[in-house]
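Chain naming here is simple, since letters A, B, ... match the order of the sequence lines and numbering starts at 1 in each.
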Amino acid sequence: MNITCKNFKSGFRKLSGRRLFMPFICLVLVLLVNVIKTPDFFEISIKNGVLYGYLIDIINRASELVILAIGMTLVTAASGGQDISVGAVMAVAAAVCCQILSGGKVTTNTFDNPLLLAILIALAVALLCGAFNGFLVSRLHIQPMVATLILYTAGRGIAQLITKGQITYIRVDSYKTMGGYIGSCPVPTPIFFAVIMVSIVYLILKKTALGLYIESVGVNGRASRLVGLNSTKIKFLTYIICSVLAGVAGIVASSRIYSADANNIGLNMEMDAILAVALGGNILSGGKFSLMGSVIGAYTIQALTTTLYAMNVSADQLPVYKAIVVIIIVVLQSSTFKKQLAGLKIRKASKAIEGGQ
Amino acid sequence: MDQNVVLKIDNLSKSFPGVKALSNVNFCLRKGEIHALMGENGAGKSTLIKVLTGVHELESGEIHIDGINKAIINHSPQEAQGNGISTVYQEVNLCPNLTVAENLFIGREPRKAGMIDWKTMNQRSEVLLKKLKIDVSSAQMLEECSIAIQQMIAIARAIDMKCKVLILDEPTSSLDEDEVEKLFDLMRHLRGEGVGIIFVTHFLEQVYAICDRITVLRNGELVGEYVTEKLPRIQLVAKMMGKDIDDLADIKSEQKKFTEEESLIVADGLGHAGSIKPFHLEINKGEVIGLTGLLGSGRSELVRVIYGADKPDSGKLIFKGKEVKINTPLDAMKLGMSYLPEDRKKEGIIPDLSVRENIIIALQAKRGMFKPMSKKEMEEAADKYIDLLNIKTAGRETPVKSLSGGNQQKVIIGRWLLTNPEYLILDEPTRGIDIGTKTEIQKLVLELAEEGKAVSFISSEVEEMLRTCSRMVVLRDGKKIGEISGDQLTQETIMKTIAGGEDR
Amino acid sequence: SNSKDVNAGSTPDAKAPTDTSKSKDLITVGFSQVGAESDWRTANTESMKSTFSEANGYELIFDDAQQKQENQIAAIRNFIQQEVDYIVLAPVTETGWDTVLQEAKDAGIPVIIVDRMVNVSDDSLYTAWVGSNFELEGKKAAAWLDAYLKAAGKDKDEVNIVDIQGTIGASAQIGRTKGLEDAVKQHSSWKLLAKTTGEFTQAKGQEVMESLLKQYGDKIDVVYCENDNEAFGAIDAIEAAGYKVGVDGDMIVMSFDSTNAGLSDTLNGKITLNTECNPLHGPRVEEIIKDLQSGKTVDKQKYVEEGIFSFENSVPSIKIDGVDYPVTQVTKDLAAQRAY
Amino acid sequence: MMNKIKGKTKLNSNSFLLMVTVLMFLLMYIAGMIIYQDKGFAKPQMFLNLFISNAGLLVIGCGMTVVMITGGIDISVGSVTALVCMAAAYSMENKGLSVYTAVAASIGIGIVYGIVQGYLVAYLDIQPFIVTLAGMFFARGMTAVISTEMISIKNELFLKWANYKLYLPFGTVNKKGIYQPAYIYPTVIIALAAVILITIMLKYTKFGRRLYAIGGSQQSALMMGLNVKKTKFEAYILNGFLAGLGGFLFCLNSGAGFVEQAKGMEMDAISAAVIGGTLLSGGVGTAVGTLFGVLIKGTITSLITTQGTLSSWWVRIALSTLLCFFIVLQSIISFSKKKRKKKTGS
Ligand SMILES: Nc1ncnc2c1ncn2[C@@H]1O[C@H](COP(=O)(O)OP(=O)(O)OP(=O)(O)O)[C@@H](O)[C@H]1O
Ligand SMILES: Nc1ncnc2c1ncn2[C@@H]1O[C@H](COP(=O)(O)OP(=O)(O)OP(=O)(O)O)[C@@H](O)[C@H]1O
Ligand SMILES: [Mg+2]
Ligand SMILES: [Mg+2]
C-alpha cells in the first residue's frame, strides 16, 4: 500500500514536471466547472445528422484560434515578440478569397472563379503580409509588436479596399463547407482544418531541425549566428508561416459566414492568440516553446467562452470573468507562486516540528 | 564570534534539481586577509558566493558576520550590501544601457536637494577610474566597453563601496597582467584597511602572489582550509582534484612538432575597417598559431574576420589553394572552420537550451535544416563529449545556463569538436577553466594539431601559449606587427615585440 | 415608402473634373463619419459623398473617425481651423459633445447632426438633426409582432422571445432593445428568455444563437435580431441545429436595417419582419443646408421616414401613438432595388 | 592604448534617436504647413489642438514609457481609461457625487490597478503582457457592469472645467475678419506638467535610474543590489496613477462614459512611446520622446483630416503608411548610425 502510494506520488511528480501538465490541468478545471453548473454540458448527440453539443461547439469554435496560436507560438519563440496583425491578415485573406470568387460583385450565387484558385491567391496574399512583417522584424530589426502594428492598422483598411467597403457574400454551398460540414460527415470541417494545420506544423518541426533553430535563435541570436544559423532567415520564415496560417484561419472564418466581413473577421483574435500562447506555458520573450501547450491554451480560451455563454453570463460582462480566470490560471502556473507556496509549506512543516519538540 | 573573524559560514548546504551543489560547507574569513576559494569547475565556489549574498535562497546553514550578533540571512544582494558584503560576480553583471559612471554609482548616487547630482557623480567616477587606471570616460555607455574594461568597472564599483567583506569571483579571467597587477595593488591596500577579501581564481600564480589562506572545495564539499605558505602548489592541485597529478608541466616536455608545411588558409590583406587593419597570415595544417598582444589589440577581431563573424571589407581568403568568399559563419563552417568566441555569455552558450542541444547545434546547422539528427545520434554525441571533456552536469537535458561557468565553456568546446573541423579558432578557451581541465585542453589542442588540424589559439597567458603554439602572431592596435617562431619563441622576445621597437 | 425616391435621386455618378483652385462659390462642408463598420455606414458615406460633390457646388472634407469619439472631436477642431461653412457630424456616441460643439458655435459654424442624436446640455449647440428613431424602430417591430400574433390567433399563447442585441451601448442597440422590452412589459404572455449581444456581426450572432438553442431549444418562438447580419448568423445556427425558421417553422426571425441581403432573406421567408433603417441622409442634409443658405429656419429635429417590410401580409399596417405605419410585403423588385 | 574608445560619446545613440524623432516631426509639420496653408494648417491653433486633443494620451503615454523602460508593457490603459470615464460619469450623473469625488475615484481606480498589476508582475513574476491583457478584459467588462448606457456628464463644475479656455496672447483673424485668440485647456497644462515631472523623475531620481537599470538587465540590476521587485511594483503603481489621471483628462475632453470608449488607446500609447524612441525590450526611453511620439501621431491624423478626400479604408491605409514610413526610416537611421560607429571606431 505504502509502496504503491509512493509510486503514485513519484509518477505524479514526473507527470506534473512535464511542460504540458499545467496548461492541461487548467483546461480540465475550466471544463469541470460545467459539471456542477451545466450538467448536460458534456452531452454529445447526433442531431440533424451532425454532432451536437457544447463540447463540439468548443472544439469547432476554437479552430481558428488554434490555427492562429500555433503560428503565434513560432513567431514568439523566434523573435521574442508577437505578431499583432494576424486578425487583420485573416480579414485580408477572407476579402481576397471572396472577392475573387464573386468576381467583384457584392453577392454571388455561383463561383466566378475556381475555389482553389481563390484560396491559393488568398494564401499568397497572406504570405505577402507575412513577408512584409518578417522583413521589418528580421531585416530592419524593428520590434515585432511595432512592426506588426503597421499591418494591424492597415490590414482592415486593405480588406475594405478589396471589398470596396461592402460585405461580399458568397452564397454557394460548396463555399460553406469549410466552415460547415463536408457532405454527410457529422464532424464540423473547421475541426479538420485545425487538426491538419497542427499536424503539418508539428511534422515540419519533427522532421526538420526548424524547431531547434527557432529556439536557438530566440534564446541567443548572436550565438546562433556564430554556430551557422541564419537568424534573419529563420525569423522571416516564422512570420511567413504565421501569416499563412492566419490566412487559413481567415478563410475558415469567412466560410462560416459565407462572406468577407472586413471589419469583423478575426477582430481581437490577435489578443486571444497571444493569450493562448501564454496559457500554454510559453514565455512571451522567446526561446523554448511548446506547440501543444498553445493548442491547449487555445481550447482553454474557447472552453471558457462557451462555458460562460452556457452559464448565461451576458456577453458584455464576459471579459470580467475571462480576466479573472486568466489571472487565476497564470498565477497557478507562475513558478514564483509555486515556490512561495512551497516555502509556506516548508515553513509550516518546520514550525510543526519545532512545536512537537 | 572571534574578534578577528569578519565572516563565518557554518554548515552551508544548497542543492539544485539534480545536483547537490554544496553540502555542509564551513568557511571562515578573517579581518584583513585575502582568502582564496579554490576548486575545479563546478566545485561550488560561485554557488557558495551566491548563497552567501542572497542571489540563491539559503537552504540550510548559518552565516555570521562581524558586528551582528545573530545569524543573518541575506535575501538579496541588496541586503548583503547592507550587511557590508560587496561582490563582483563571475559573469559581468552591469547594465549595458547605462553610462560607466552610473554603473559605478547606481543605487548610491550622490544627490543634491534630493536630485541626483550628475556632475558630482561624473567627477567622482573620473577620480575612481583614474585611481584604478581604467581608461574610459565616465560618460561612455557601458555596452561600448570591452569585457576587460567592464570587468574592471565591476571591480571598481565593488571596491568603492564601504564594505567589511569583498568578494571577487574570477575577476582576473579577462584581465591582462598589467590590470591584474593594478587589481592586486588595490586588494593589498584594502587588506591593509582590514577588509576581508574572498578571491576566486583558477590561476595558481595569483593565489600564491597575493593570498594569505586557501579554502578548497571539491564537489560541493569542503576539503580544507590552509595557510598559503604551507601548501605547495602540487598539493593544492591534488586537493582540488582529489588525486595526484604527475606534473602540470608535463606538456612542456612534449615536443612541438612541425608538420608538413602544407598551407591550409592564407589571409591576404584581409581587414575590417575600424577594428583590424589589412593583414597577411598563413596558417598551415597541423600547426598551432598563437595570437598575442595587449588587451584590445585586435586578436579577437583578426580571427573573427577570418571566420566571417565580422565581414571583412578588404582582401581575400584562400582556403586550400582556392579563393573563397565567406559571407557568414556558416560558409566558414562548411569549409571546416570553427570558432569558440571569447564572450561566452553573449556569443557562446544558448542559455535556455539543454547541454545536448548546445553541443549538437553547430553540427546540425552545418548539416542543414532538412537533415535533422536523430534522437539517438544527438544523445550519443552529447554523452560522448560530456564524458570526454568531463563536463559536470546533472544530465544531458539540463539547461546549459545552470552549469558552472567553466563547464559551460567545455560544452562549447564539445560543440566544435563534434563538427570535426579542419581549422579550429579558440579565443580564450581556457578562461575560467580549472587547472586540471586547462591542461587537458592544452593536450587536446596538441592532439588536434597532430591529427593535421590547424588551430588558432588566443590566450592572455603567454606561458600557456608558449607551451602549445609553434608560431605566434603579435598584434598591436589592430595591426599585425610580427610573427615569431622557432627558437625566437620565448617570453622575452614576445614581450619585446608587443612593447614595440622593431617596427617603430 | 419613401426609400424609393431617395434611391432614385442619390446615385449620380457624375464627378466634375476637379478644379485645384478653390473657387469662391463652393460651399465647404466638413463631414465627420463614424467609420466604415457596416454596409449601412458605407451606404451612408456614399450618400453624403455623392450629394456634396463639386458638381453640386460643394467641397466636402471627409473624415473617418474609425469608431473613436476622440478622433471626431479632433476632426471637428480641425474643421473649425479650416473655416468650413458647415460641419456635419455623424457621432460615434450620443454623449460628450458639449465642449467641442461650443467651440464650433464660438467660431460661428453651424453643425448638422446626422444618424445618432447628440445629448448636450444646450440645444443651441447644433443647428439641426436628421436621423433614425431607433426606439420607434423597436416599437414598430414589437407592434407588428403583436398584430401578427393576433392575426394568427396565437395572442393568448405564451410567446418566448430571445433578443440578440447589437453592440452594447450603441444607440441602435439601446433604442431597439428598449422598444422590445417595453412591449414585453405590456404583454403578460410575452417572455423574454434571454438577451445577449451579438455585436452586430454575423459570426457572433451565430455563436450566440448556437448557445441559446442549446439552452432553450425549440421553446424559442421569436428571435429578435437587432440587425440583418446577426439575423443571418442566427438563421444559420437555427438551421444547423435542425430547426426551421419562418412563418410555418419552429420560430420566426425579426430583424432591422433592411439591407439588400436582408430583404432577400425576407423575400424568401427566413426573416419574417425587417424594419428599415435608412442610411441615405445626404439629400436631407443638403436640403437643410440650402434652407440655411437662403436664410430660412429649419426644423431642429427631423426623423427619417422608414418602412417596415414583411414576408407575409396578415398585417397591413400598425399604429403607434396614434400614427399609422404601413407594412410593406416584400417583392422581388423591392429587394432588387436596394442599393445598399 | 585604449584611448580610441574615448571621446565622441557625448551624443549616444539614444539621444541621437530622440533628435531624429524631433527633426522628423518638425519636417513633417512644416511640410504640412506649406502644403495645406490654405486649409489653416499653418494656424497656431492647429498646433495647439494637437495638445488639446491628446492631453490624456500624453499622460497615459508617460506612464507607458515608465513601464516600458523597465522592460514591461501595459495594454490595459485603454480599457482603464474607459473604466475611469464611466466611473466618473456614473458617480456624477447617476449618484450625484461631486467632481472632486470623481477625480478621486479616477485616480483611485488607476492606483488600484497599478497595485494589482504591479504585484502580479513584480512579485509573482507573471509576464506583463498577460497580466495587463487580463487587466484590459477586466476593465472593459467592469465598464459594462457599471452601465451599458452612454452617460453624458452634465455636472456644472465638470463642464466648467472642461470648457475653461485659457487664451493665449496671440491668434488669427478668420475669413469673416474676426480676431480669434489662440487658446488651450487646463488639461494641456496638466499633461505638459506630467511630461516635465516624469522627465525629471527619470533623469534625476534614484527611482528613475533604477528603472533604466532594470530594463537594461534585470539580472544585473539584482546583482548590483537594486531592489528589482519593489522598483517594478512602484513603476506599475506610477503607471496606474498616470493612467487614472490621463483617463480623467481624456474624460474632460470627451465628456462622457460608455463601454466602447478609448478602444485601442493602448496601441496609440505604445506606438507613441516607440516612435519617441522607447524600446519595448526596456532600458531606453524618455518622456520627451513620448511627447513627440504623441505629436507625430496627432500630426499624421491631422494631415489626413485636413486632406479630407480619403475613403474610410484609405484613411487607415494612409495612417499606417505614414507610420510605416516613420518607423522604417527611424530604424534605418539608427541602424546605419550603429554601423558607421563601428566602422569609425578607431
Ligand atoms: N541555477 C542553477 N541551477 C542548477 N544547477 C546549478 C545552478 N547553478 C549552479 N548549479 C550547479 O551547481 C554546481 C556548482 O556550480 P558553481 O557555479 O558554484 O561552480 P564553480 O565552482 O563556481 O565553478 P567554475 O569554476 O566553473 O565557475 C554545478 O554542478 C552547477 O551545475
Ligand atoms: N563590444 C565592443 N564594442 C566596441 N568596441 C569593441 C568591442 N569589443 C571590442 N572592441 C574594440 O575592438 C578592438 C579590437 O578588440 P579585440 O576584442 O579584437 O581585442 P583583443 O585583442 O581580442 O582583446 P581582448 O583581450 O579584450 O579580447 C578594440 O579596439 C576594442 O576596443
Ligand atoms: Mg563559478
Ligand atoms: Mg579578444
Side-chain angles (χ1 to χ4, degrees), chain C residues 18 22 28 30-37 41-42 45-46 49 59-84 92-100 102-103 106-108 118-121 165 167-171 173-174 177 197, chain D residues 36 38-41 43 45-46 49-50 52-54 56-57 85 89 144 147-154 159 162-163 165 172 174-176 178 180 185 250-265 298 301-302 304-316 319:
Chain C
T18 355
K22 194 167 146 191
T28 0
F31 175 39
S32 173
Q33 177 61 290
V34 171
E37 76 281 5
R41 188 65 61 191
T42 318
T45 305
E46 273 315 302
K49 278 191 171 175
E59 187 193 352
L60 181 70
I61 301 167
F62 172 76
D63 184 68
D64 177 292
Q66 296 172 52
Q67 273 84 314
K68 288 187 189 162
Q69 186 203 17
E70 63 267 30
N71 286 356
Q72 288 198 305
I73 295 175
I76 292 173
R77 289 199 172 114
N78 189 307
F79 294 156
I80 295 172
Q81 293 312 308
Q82 291 199 44
E83 299 182 26
V84 296
V92 175
T93 62
E94 297 187 356
T95 50
W97 296 104
D98 290 82
T99 307
V100 74
Q102 184 66 48
E103 284 176 35
D106 292 350
V118 293
N119 179 347
V120 281
S121 44
Q165 295 169 290
T167 305
I168 298 298
S171 319
Q173 176 271 321
I174 295 171
T177 304
T197 175
Chain D
Y36 294 121
D38 56 333
K39 289 185 153 195
F41 207 88
K43 289 186 192 170
Q45 187 61 44
M46 202 69 140
N49 281 350
L50 286 182
I52 293 176
S53 298
N54 292 304
L57 179 62
C85 289
S147 166
T148 53
E149 313 232 321
M150 295 182 191
I151 302 176
S152 195
I153 303 176
K154 301 244 163 66
L159 285 181
N163 294 334
K165 282 183 187 167
T172 44
N174 74 4
K175 66 184 177 190
K176 286 170 199 148
I178 304 165
Q180 307 226 300
Y185 288 108
F250 186 94
C251 189
L252 278 172
N253 186 40
S254 76
F258 59 98
V259 177
E260 299 285 302
Q261 208 162 17
K263 248 196 178 156
M265 184 134 140
T301 318
S302 180
I304 289 172
T305 307
T306 312
Q307 203 279 337
T309 58
L310 294 177
S311 299
S312 300
W313 37 95
W314 281 115
V315 170
R316 290 195 192 193
L319 202 74

Legend entry - Proximity breakdown for D:A162 and chain C, heavy-atom pairs closer than 4.5 Å: both

Inset, instruction - Count the heavy-atom pairs under 4.5 Å between each of C:D106, C:L60, C:T99 and chain D, then report the option with the highest count. - result: C:T99

Legend entry - Proximity breakdown for D:S311 and chain C, heavy-atom pairs closer than 4.5 Å: both

Inset, instruction - Please flag which part of C:F31 lies under 4.5 Å from any non-hydrogen atom of chain D: side chain, backbone, both or neither. - result: neither

Legend entry - Side-chain donor or acceptor of D:Q307 paired with backbone N/O of D:T309 under 3.5 Å: yes

Inset, instruction - Would you mind telling me which of C:T42, C:D63, C:T45 makes a side-chain hydrogen bond (donor to acceptor under 3.5 Å, both in side chains) with C:Q33? - result: C:T45

Inset, instruction - Using a cut-off of under 4.5 Å on heavy-atom pairs, state which of D:N174, D:I304, D:T301 scores highest against chain C. - result: D:N174

Legend entry - Per-residue contact mode, D:L319 against chain C (heavy atom under 4.5 angstrom): side chain

Legend entry - Side chain / backbone / both / neither for D:W314 at chain C, heavy atoms under 4.5 Å: neither

Inset, instruction - Give a yes or no on whether the backbone of D:T172 and the side-chain of D:K43 come within a donor-acceptor separation of less than 3.5 Å. - result: no

Inset, instruction - Name the region of C:Q69, side chain, backbone, both or neither, that has any atom closer than 4.5 Å to a heavy atom of chain D. - result: side chain

Legend entry - Top contributor to chain C contacts, counting heavy-atom pairs under 4.5 Å, from D:T306, D:I153, D:N49: D:T306

Inset, instruction - Quick one: which of C:E103, C:Q173, C:K68 has the most heavy-atom pairs under 4.5 Å with chain D, could you say? - result: C:E103

Legend entry - Donor-acceptor under 3.5 Å (C:T95 side chain, D:A256 main chain): no

Legend entry - CA sep, side-chain torsions, deciding dist, call: C:W97, C:I73, side chain to side chain contact (heavy atoms under 4.5 Å, CB included): CA-CA 8 Å; C:W97 296 104; C:I73 295 175; 3.8 Å; yes

Legend entry - Interchain contact, C:T167 with chain D, by part (heavy-atom threshold 4.5 Å): side chain

Legend entry - Nearest heavy atoms of C:F62 and D:L310, plus distance in Å: CD2-O, 2.9 Å

Legend entry - Portion of C:E94 that has a non-hydrogen atom of chain D nearer than 4.5 angstrom: both

Legend entry - Choice from D:F41, D:W313, D:F250, D:Y36 maximising heavy atom contacts with chain C below 4.5 Å: D:F250

Inset, instruction - Check each atom of D:K263 against the heavy atoms of chain C and say whether the ones under 4.5 Å are side chain, backbone, both or neither. - result: backbone

Legend entry - Region of C:V100 in contact with chain D, defined by heavy-atom distances below 4.5 Å: neither

Inset, instruction - Quick one: list whatever passes side-chain contact (heavy atoms from CB on, under 4.5 Å) with D:L159, sequence neighbours left out. - result: C:D98, C:S121, D:N163

Legend entry - Check against side-chain hydrogen bond (donor to acceptor under 3.5 Å, both in side chains), D:Q261 and D:S254: CA-CA 9 Å; D:Q261 208 162 17; D:S254 76; 2.8 Å; yes

Legend entry - D:N54: partners by side-chain contact (heavy atoms from CB on, under 4.5 Å), with sequence neighbours left out: D:L57, D:V294

Legend entry - side chain to side chain contact (heavy atoms under 4.5 Å, CB included) assessment of C:Q67 paired with D:E260: CA-CA 9 Å; C:Q67 273 84 314; D:E260 299 285 302; over 6 Å; no

Legend entry - Option that, when pairs with chain C are counted at under 4.5 Å, heavy atom only, ranks first among D:I178, D:L252, D:I52: D:I52

